[in-house]
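Just below is one structure, and these are the notes that go with it.
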Amino acid sequence: MAHINKKGNLSGALGEIVFVNDGDRKYTRLRPDLVRQSERTKAASKVFGMVSSREKKFRTKLLNRLQMPAIQYLAAQHRGRLQKCITGGANSAQQEEPQFGSPEALIGFEFNRTLKWHERTNFFPFFKETANGALKVSLPAIKWGREIKTLPKATSAVLTFTAVSVNLNSTDVPLKIVSTLTMEVGRSSESPAQEWTVPADDAPGWLLITGMVQYSGNGLSEKRSETFSATYLWTGINRI
């Protein structure tokens with residue numbers, strides 16, 4: 001409803017006309033149309049809300065357990081990648097409820113785009129699932145300057161592989177560390193070839209293998225964003 005303000009100007013709305021007072025500017029405009037959502041846009045909005053809520057819980061727990069810093073724009077980038085893991089919903093042939101289905105889209109995601117994993121490493125672990133649900137990871141010999149590329153002023157690096165179990169289809173997003181393998185390489189040390197066995201986990205959800213390289217050395221930047229690289233190396237679904 002329109003009324004006259006203290007300065008003697010019309011303010012408010014009269015029918016479809018809105019009276020606007022913006023400092024010295026006074027003008028009228030039409031009332032905006034109401035946005036009408038289709039069933040498809042409502043469904044898409046619901047899925048986006050679910051992904052946003054659970055991604056935040058997942059990311060917060062994951063970074064905390066891996067002691068990984070939150071890089072600028074990580075939240076939006078991680079949410080976008082996680083969205084690709086959704087199956088079902090309005091676009092599915094069976095009209096199934098949307099859920100976090102296959103985690104394969106996470107493979108190769110860069111937690112730090114300043115130091116990308118594929119640019120800082122030069123080796124490829126071999127993954128093999130066993131009949132009892134365990135996962136065997138074969139790693140080559142890792143040498144400084146060869147499998148781990150050097151960084152100015154860095155003299156060594158800690159390489160950490162982590163097996164993470166997480167259920168994003170549960171509202172509280174339970175997450176636990178199943179197994180961890182850590183090694184250090186430097187100018188005078190290297191890691192021999194080895195096999196790492198990740199035990200089977202009976203919790204529902206995904207099994208994710210992350211890799212992280214943390215550089216160290218005198219004179220190296222104190223900013224974590226300039227000294228670490230991390231990614232998802234392998235993903236699978238836990239056998240229940």
Side-chain angles (χ1 to χ4, degrees), residues 54-71 74 78 81-82 85 100-112 115-118 120-144 147-148 156-170 172-186 189-216 224 227-240:
R54 297 189 190 179
E55 184 279 333
K56 183 177 180 180
K57 294 177 183 178
F58 172 38
R59 172 172 39 84
T60 300
K61 292 179 180 181
L62 183 67
L63 297 187
N64 179 263
R65 298 301 297 274
L66 300 184
Q67 298 184 350
M68 190 186 301
I71 303 300
L74 174 63
H78 195 247
R81 185 63 73 93
L82 202 60
C85 298
F100 292 91
S102 173
E104 292 180 358
L106 293 177
I107 296 176
F109 175 80
E110 298 285 355
F111 284 91
N112 182 8
L115 292 180
K116 296 181 179 180
W117 176 271
H118 73 274
R120 306 313 313 167
T121 63
N122 188 33
F123 67 94
F124 303 93
F126 178 75
F127 300 91
K128 182 180 180 181
E129 296 181 84
T130 65
N132 63 0
L135 179 69
K136 290 189 175 181
V137 185
S138 299
L139 295 163
I142 297 176
K143 184 177 181 180
W144 180 258
E147 283 74 25
I148 299 296
S156 65
V158 173
L159 181 59
T160 305
F161 299 97
T162 308
V164 180
S165 175
V166 62
N167 185 6
L168 281 135
N169 287 316
S170 175
D172 57 350
V173 191
L175 180 149
K176 69 176 180 179
I177 303 301
V178 178
S179 181
T180 301
L181 176 66
T182 302
M183 60 190 75
E184 184 172 0
V185 295
S189 63
E190 64 179 86
S191 176
Q194 58 187 294
E195 186 173 82
W196 171 42
T197 300
V198 178
D201 187 64
D202 58 2
W206 295 345
L207 178 66
L208 311 174
I209 305 296
T210 63
M212 181 167 70
V213 175
Q214 177 64 58
Y215 290 93
S216 61
R224 286 289 305 279
T227 62
F228 93 97
S229 179
T231 190
Y232 292 109
L233 292 169
W234 184 91
T235 65
I237 299 175
N238 284 330
R239 299 180 184 179
I240 304 172

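- Side-chain contact between Trp196 and Ser179: present, with at least one pair of heavy atoms (C-beta onward) separated by less than 4.5 Å.
- Within the 4.5 Å cutoff, no side-chain heavy atoms of Ser216 are placed close to those of Val158.
- The minimum heavy-atom distance linking Ala163 with Leu207 is given by the pair CB-CD1, 4.2 Å.
- Under the 4.5 Å side-chain criterion, counting only non-hydrogen atoms from C-beta, Phe100 is in contact with Arg54.
- In this structure, Trp206 contributes its side chain and Gly101 its backbone to a donor-acceptor pair below 3.5 Å.
- In plain terms, the two heavy atoms of Glu195 and Ser138 that are nearest each other are OE2-OG, 3.6 Å.
- At least one side-chain heavy atom of Pro125 sits less than 4.5 Å from a side-chain heavy atom of Leu139.
- Two residues are said to be in side-chain contact when any heavy atoms from C-beta on lie closer than 4.5 Å; Arg65 and Leu175 meet this criterion.
- In this structure, the side chains of Gln194 and Met183 come closer than 4.5 Å at one or more pairs of heavy atoms.
- Distance check, rounded to the nearest 0.5 Å: OG of Ser189 to CD of Glu184 gives 6.0 Å.
- Residue Thr160 holds its OG1 atom at 9.0 Å from CD of Gln214, rounded to the nearest 0.5 Å.
- By the 4.5 Å heavy-atom criterion applied to side chains, Phe123 and Leu159 are counted as neighbours.
- Judged purely by atom type and a 3.5 angstrom limit, Ser229 uses its side chain to pair as donor or acceptor with the backbone of Leu115.
- Looking at Lys176, its side chain never comes within 3.5 Å of a backbone N or O of Ala203 through a donor-acceptor pair.
- Taking the centre and axis of the six-membered ring of Phe228, the NZ or CZ atom of Arg224 falls inside the cone set by 45° and 6.0 Å.
- With rounding to the nearest 0.5 angstrom, the CD1 atom of Ile209 is 12.5 Å from the CG atom of Leu106.
- Of all heavy-atom pairs between Asn167 and Pro204, the closest is CB-O, 3.4 Å.
- To the nearest 0.5 Å, atom CD of residue Glu104 and atom CD1 of residue Ile107 are 6.0 Å apart.
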Residues Phe111, Leu74; criterion side chain to side chain contact (heavy atoms under 4.5 Å, CB included); working and verdict:
CA-CA 7 Å; Phe111 284 91; Leu74 174 63; 4.1 Å; yes
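- Among all heavy-atom pairs drawn from Val178 and Ser165, the shortest one is CG2-CB, 3.7 Å.
- Atoms CE and CD, from Met212 and Gln67 in turn, are 7.5 Å apart once rounded to the nearest 0.5 Å.
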Trace of the side chain to side chain contact (heavy atoms under 4.5 Å, CB included) decision for Tyr215 with Arg120
CA-CA 11 Å; Tyr215 290 93; Arg120 306 313 313 167; 3.4 Å; yes
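- Side-chain contact between Thr235 and Phe109 is absent, with no heavy-atom pair separated by less than 4.5 Å.
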Apply side chain to side chain contact (heavy atoms under 4.5 Å, CB included) to the pair Val185 and Lys143, showing each step before the final yes or no.
CA-CA 6 Å; Val185 295; Lys143 184 177 181 180; over 6 Å; no
Test side chain to side chain contact (heavy atoms under 4.5 Å, CB included) on Val137 and Leu233; report intermediate values, then the result.
CA-CA 11 Å; Val137 185; Leu233 292 169; over 6 Å; no
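- Within the model, atoms CD of Glu110 and NZ of Lys116 stand 6.5 Å from one another, a figure rounded to the nearest 0.5 Å.
- Residues Leu135 and Glu129 come closest through the heavy atom pair CD1-CG, 3.8 Å.
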